[in-house]
Amino acid sequence: GTFGDYGGQYVPEALMPALQELEDAYQRYVLENEDGFMDEFRERMRDFGGRPTPLQRADRLSERYDREIYLKREDLVHGGAHKLNNALGQVLLAKYMGKERVIAETGAGQHGTATAMAAAHLDMPCEIYMGRTDINRQRPNVYRMRMNGAEVNPVEAGSGTLKEAINETMRDWATTVERTHYVIGSVVGPHPFPKLVRDFQSVIGEEAREQVQEKAGRLPDTVVACAGGGSNTMGTFHAFVPDEGSAEPRSADDSSGDEPREHVDLVAVEAGGSSLEIDEDEGLAPNSATLSTGTDGVLHGAMTKLLQQSDGQIVESHSVSAGLDYAGVGPELSHLVESGRVTPTSVDDEAALNGFHRLSNLEGIIPALESSHALGYLEEHTDELGDLVVVNVSGRGDKDLETVLEETEKR
Ligand SMILES: CC/C=C(/N=C/c1c(COP(=O)(O)O)cnc(C)c1O)C(=O)O
């Protein structure tokens, strides 16, 4: 596989030419910057996307946890989430590849919105597939996608969430691949999608690694990000993966001095939903804690960890946040968890809702319900945090206000 035992291209033969074409474009334009592709991508993410985003010290959270807490403000990217980093990159790549149309799946509607915005910005026709359930719980984003000129196709099948939206989008792509690029929304799917999305998102961690050393004089002890498919997670972590110092000082004879190399803990926080138990009979998992409780299997073209029954049937996941409500996860993140480099954990709906209120009240930032899971981790696992912590705020919570007010009234 592409990442140890994980990754690969488990797709129908019909898609192989498209994946080959994409891998060729990835190599030339992203890895080799042919025709100045990456220069144009970075310039547009500055002028249109609003990069770089701040790494901001959260004074009241730092006081509350008696630690240095820095927030990477991906909620300030144009459109309100990290999703534009990837969507703009892929729509621009589609243009360089001579495609005439882009399609995308969406769950929280942030990726759909980002793709619609990037398509409008780059004059590219755009169609979004979105589950009926998600349309109902992320209504503001449906309006935004349409306002940006995209067609939003409701997906009625199954639970009407992300899994079905991805299935529908892949089905469209299989028959329109000549002139269509599939702007996949996370580090999932067959090779080269997980690497392509990770590389567009890796700007998050590259900026944060530089900013935290400028502001705090050293690398962080802990980096925390929520994980749905894993794109904001991999984007934040990728620059820090090599910072795997041995925690204790190196032996005296080591040539590069006896300073213990910094060790940066990487913590991926998934949706614990309402409980971590899988209901085998109902085929329901009241959570989306794939990294913590999933098993190996193929989903959406890649070998990865996923929530499945013993007979291999993919179970229906749950989360209060649409963007984390997914029974799969990116193959590279599965590999980093298996290798011990990334620590998987989860917080439940309750802790996420509390995180939503806490950041809003203490720091004046309304976070997305997805990002709220990373904030819930600070509260639930404070003693596992180092002295210097970077938390990725992947998006803002305007889209979630109705859900949060309803959920809060219920409790
Ligand atoms: C691609 C499907 C996921 C979506 N969103 C996921 C999401 C996530 C989780 O997705 P990943 O970063 O890919 O794990 C985190 N934060 C925010 C603000 C999100 O919107 C979407 O459609 O908007």
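In each ligand, atom 1 is the first atom listed, and ligand 1 is the first ligand listed. Note that these values count all heavy atoms, side chains included, but never hydrogens, waters or copies made by symmetry. Throughout, residue positions are numbered sequentially from 1 according to the sequence presented.
Looking at ligand 1, you'll find an N or O of Gly107 within less than 3.5 Å of one of its N or O atoms. Note: no N/O pair closer than 3.5 Å links Lys399 and ligand 1 by distance alone. For ligand 1, the polar-atom distance check finds an N/O of Gly230 within less than 3.5 Å of one of the ligand's N/O atoms.
If you number the atoms of ligand 1 from 1 as listed, the ones under 4.0 Å from a heavy atom of Gly185 come out as 1 (C). Less than 4.0 angstrom separates some heavy atom of Ala227 from each of these atoms of ligand 1: 14 (O). Listed by number with element, the atoms of ligand 1 under 4.0 Å from a non-hydrogen atom of Cys226 are 15 (C). Close approach to Thr106 involves these atoms of ligand 1, each under 4.0 Å from a residue heavy atom: 21 (C), 22 (O), 23 (O). The Asn232 neighbourhood of ligand 1 comprises atoms 11 (P), 12 (O), 14 (O), 15 (C), with distances under 4.0 Å to a heavy atom of that residue. Residue Gly109 has at least one heavy-atom neighbour below 4.0 Å for each of these atoms of ligand 1: 21 (C), 22 (O), 23 (O). Atoms of ligand 1 lying under 4.0 Å from any heavy atom of Gly395, numbered from 1 in the order shown and given with element: 18 (C).
For Glu178, the CD atom is loosely surrounded, since the number of other residues' heavy atoms within 6.0 Å does not exceed 12. In this structure, Met147 places its CE atom where only 12 or fewer heavy-atom neighbours from other residues, nucleotides or ligands lie under 6.0 Å away. Within a 6.0 Å radius of CG in Asp24, more than 12 heavy atoms belonging to other residues, nucleotides or ligands are found.
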Go through it in stages, so that I can follow the logic: the residues are Asn392 and Glu74, the test is side chain to side chain donor-acceptor pair (under 3.5 Å), and I'd like the CA-CA distance, side-chain angles, deciding distance and then a yes or no.
CA-CA 7 Å; Asn392 189 36; Glu74 290 303 295; over 6 Å; no

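Contact annotation for Leu324 and ligand 1: only side-chain heavy atoms (C-beta onward) come within less than 4.0 Å of the ligand. Looking at Leu162 against ligand 1, only its side chain comes within 4.0 Å, counting heavy atoms. Of all the heavy atoms of Ala368, the ones lying under 4.0 Å from any atom of ligand 1 belong exclusively to the side chain.
Protein heavy atom in closest approach to atom 1 (C) of ligand 1: Glu105 OE2, 3.4 Å. Among all protein heavy atoms, the one lying closest to atom 16 (N) of ligand 1 is Ser394 OG, 2.7 Å. Atom 21 (C) of ligand 1 has as its closest protein heavy atom Ala108 N, 3.3 Å. Of the protein's non-hydrogen atoms, the one nearest atom 9 (C) of ligand 1 is Gly323 O, 3.5 Å.
With 3.5 Å as the limit, one finds no donor-acceptor pair spanning the side chains of Gln201 and Asn86. Between His357 and Thr408, the side chains place a donor N or O and an acceptor N or O closer than 3.5 Å (distance only, hydrogens not considered).
Using modelled atom types, no side-chain atom of His78 and backbone atom of Gly49 make a donor-acceptor pair closer than 3.5 Å. Here the side chain of Arg67 pairs no donor or acceptor atom with the backbone of Val389 at under 3.5 angstrom. In this structure, Asn232 contributes its side chain and Cys226 its backbone to a donor-acceptor pair below 3.5 Å.
Residue pairs meeting the salt bridge (charged side-chain N to carboxylate O under 4.0 Å, His left out) criterion with at least one partner in residues 290-309, sequence neighbours excluded, are Lys305-Glu338.
Between Tyr96 and Phe37, the angle of the ring planes goes over 60°, which puts this pair in the perpendicular group of the 30/60° scheme.
Between His82 and ligand 1 there is a heavy-atom distance shorter than 4.0 Å.
Under a 4.0 Å N-O distance rule, the pair Arg101/Glu151 does not qualify as a salt bridge.
Ranked by closest heavy atom to atom 6 (C) of ligand 1, the top entry among Gln110, Lys83, His111, Glu370 is Lys83.
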